[in-house]
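Notes follow the structure.
All values below were derived from every heavy atom in this structure, side-chain atoms included, with hydrogens, water molecules and symmetry-related copies excluded. Each ligand, and each atom within it, is numbered from 1 in the order the structure gives.
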Amino acid sequence: MERQRVPHYTGVTRERFLQDVYPLRKPAVLKGIDLGPCVTKWTVDYLCQASGKKEVKVHVSTVPQMNFLSKNFVYRTLPFDVFVKRAAEIKHSDYFLSEDEKYYLRSLGDDPRKDIADLRKQFPFLADDIQIPEYFDKEQFFSSVFRISSEGLQLWTHYDIMDNFLIQVTGKKRVVLFSPRDAPYLYLSGTKSEVLDVDKPNMKKYPLFIKARRYECQLEAGDVLFIPALWFHNVTSEEFGVGVNVFWKQLPSEYYDKTDTYGNKDLTAASRAIQILDRALKTLEELPEEYRDFYGRRMALRIQEKTYSSNYE
Ligand SMILES: O=C(O)CCC(=O)C(=O)O
Ligand SMILES: [Fe+2]
């Protein structure tokens, strides 16, 4: 497998980001950005006392590597302060599944079916501590999401459909990324890759995975990772840590599915095209195998000719 380091940029201003980094449409680690007082203030004790008794729904897993296929994790609701204490400790005296279970919070809107995660709304007492780099227009803002995890926890490889700043406020993370172009090698199930172990993949089950080009970076407290829309990412917390990610709409609002509260529903035109393709495939089933094969190949070629862009490596 070919490997590549994600480039680091230090002290990037908005102007430089927009001119030199953003147009590349590749992940980048931005160092030395002023994130406000959160970097020193957000200790376990401070988070616990500032947050009060707000309840959060969290993932709880007996093993570090969460598996969306076997569903080896459960959802539980806890007061934020109890959750933070548990996520920060390795062995628990109070627990749901096992004394060394792992915790993960991806914060949600007040009504997750309708509302979008926004720290200013759900965590107003903490939102003032973080200065989110405003490298995009205010109208493009979509959501700000808490990402708080136990040491060791690994989130499966997935893509989101919006541009993203993953702000690592405290703790260390390892992020492995793959280009949208390598989707054919990732064995996708919806927005997620079935290759759960990106370090020791089952090569018998996933023989093409080795063809994917692996980008990797280490996030330290205070770093910001730019994740362009559609780039796959797999995140492992090497320490207990608090992150915040900000999604923003790089395209006009009309492109996005209005019912998307997570930032991971395909653009409406993409969903429609996939539906139409499914109908075309159903129609091909009317043909005998020999003909279905022939027209299937012709259609695949036509899709390639008409859609693949040549201008990116
Ligand atoms: O840092 C994490 O825990 C996951 C981040 C992520 O998936 C995102 O920012 O989209
Ligand atoms: Fe994500």
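- One finds no salt bridge joining D197 and K205 here, because no Lys/Arg side-chain nitrogen approaches an Asp/Glu carboxylate oxygen to under 4.0 Å.
- Under 3.5 Å, the side chains of T157 and S193 contain no donor-acceptor pair of N or O atoms.
- Rounding to the nearest 0.5 Å places OG of S144 at 6.0 Å from CZ of R120.
- Put simply, the residue from Q168, K31, H8, Q218 that forms a side-chain hydrogen bond (donor to acceptor under 3.5 Å, both in side chains) with D223 is K31.
- Per residue H158, closest N, O or S atom to the Fe ion (ligand 2): atom name NE2.
- The closest approach between Q168 and ligand 1 stays at or above 4.0 Å for every heavy atom of the residue.
- For F232 against L188, the heavy-atom pair with the smallest separation is CE2-CD2, 3.5 Å.
- Remark: R298 does not engage D293 in a salt bridge, criterion side-chain N to carboxylate O under 4.0 Å.
- Proximity to D160 (heavy-atom distance under 4.0 Å) selects the following atoms of ligand 1: 10 (O).
- Set against the non-hydrogen atoms of F247, the atoms of ligand 1 under 4.0 Å away are 10 (O).
- When non-hydrogen atoms are compared, ligand 1 lies under 4.0 Å from the side chain of L155 (C-beta onward) but not from its backbone.
- Under the 4.0 Å criterion applied to side-chain N and carboxylate O atoms, D182 and R214 are not assigned as salt-bridge partners.
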Check against side chain to side chain contact (heavy atoms under 4.5 Å, CB included), V82 and K85: CA-CA 5 Å; V82 176; K85 279 201 194 75; 5.8 Å; no
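- Contact annotation: for H233 versus ligand 1, heavy atoms closer than 4.0 Å belong to the side chain alone.
- With a 4.0 Å cut-off on non-hydrogen atoms, N164 touches ligand 1 through its side chain and not its backbone.
- Annotation for ligand 1: atoms under 4.0 Å from non-hydrogen atoms of H158 are 7 (O).
- At the top of the distance list for atom 4 (C) of ligand 1, counting protein heavy atoms only, stands Y104 OH, 3.3 Å.
- Residue K173 places a heavy atom less than 4.0 Å from ligand 1.
- Those atoms of ligand 1 with a heavy atom of N245 less than 4.0 angstrom away are 9 (O).
- Of all N/O/S atoms in D160, OD2 sits nearest the Fe ion (ligand 2).
- Taking the side chain as every heavy atom from C-beta outward, L153 and P64 never approach each other to under 4.5 Å.
- The nearest N/O/S atom of H233 to the Fe ion (ligand 2) is NE2.
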